[in-house]
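Encoded as structure tokens, the structure appears first; notes follow it.
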Amino acid sequence: EIATRGIEASIAYAPGSNSPDAFTLSGRYIIKDSTINIKVFIRQNNVVKNKIDLTGTKDKLKEFAALIASKTAEWASTNK
């Protein structure tokens with residue numbers, strides 16, 4: 001899992017940050033039967049920098065959340 005604290009953390013959470021370097025996440029999702037389709041928008045200074053489309057299932061929400069965090073952190077770390 002992705003840690004949110006410490007030197008080795010992939011993600012740093014700063015509530016209400018006004019830093020121009022900060023990324024924010026927003027998105028939309030659709031649930032059909034047991035399938036979840038999500039679109040995650042990664043923004044910086046209110047400009048969409050990337051969109052990530054992912055699919056998961058309702059019976060593996062923890063794994064799906066970890067995938068979302070991993071993919072967004074991966075993109076952010078290569079686009080600092």
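We're numbering straight along the sequence, starting at 1.
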For Ala22, side-chain contact (heavy atoms from CB on, under 4.5 Å) partners two or more places apart: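 Ala22 satisfies side-chain contact (heavy atoms from CB on, under 4.5 Å) with Ser17, Ser19 once adjacent residues are dropped.
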Return a table of donor-acceptor pairs under 3.5 angstrom between the side chains of residues 31-46 and protein atoms on other chains or two or more places apart.
{"residue": "Asn37", "atom": "OD1", "partner": "Thr55", "partner atom": "OG1", "Å": "2.8"}
{"residue": "Lys39", "atom": "NZ", "partner": "Asp53", "partner atom": "OD1", "Å": "3.4"}
{"residue": "Arg43", "atom": "NE", "partner": "Ser26", "partner atom": "OG", "Å": "3.3"}
{"residue": "Gln44", "atom": "NE2", "partner": "Asp21", "partner atom": "O", "Å": "3.1"}
{"residue": "Asn45", "atom": "ND2", "partner": "Pro20", "partner atom": "O", "Å": "3.4"}

Rounding to 0.5 Å, atoms CD (Glu63) and CG (Leu67) come to a distance of 10.0 Å
Working to the nearest 0.5 Å, report the span between CD of Glu74 and CD1 of Ile52.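 Result: 8.0 Å between the selected atoms.
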Q | Thr72 side chain to Ile68 backbone, donor-acceptor under 3.5 Å | A |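 Yes: the side chain of Thr72 pairs with the backbone of Ile68.
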Filter on ring pair (Phe, Tyr, Trp, His ring centres under 6.0 Å), then keep only pairs touching residues 56-80, sequence neighbours left out; what's left?
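Only Phe23-Trp75 qualify under ring pair (Phe, Tyr, Trp, His ring centres under 6.0 Å).
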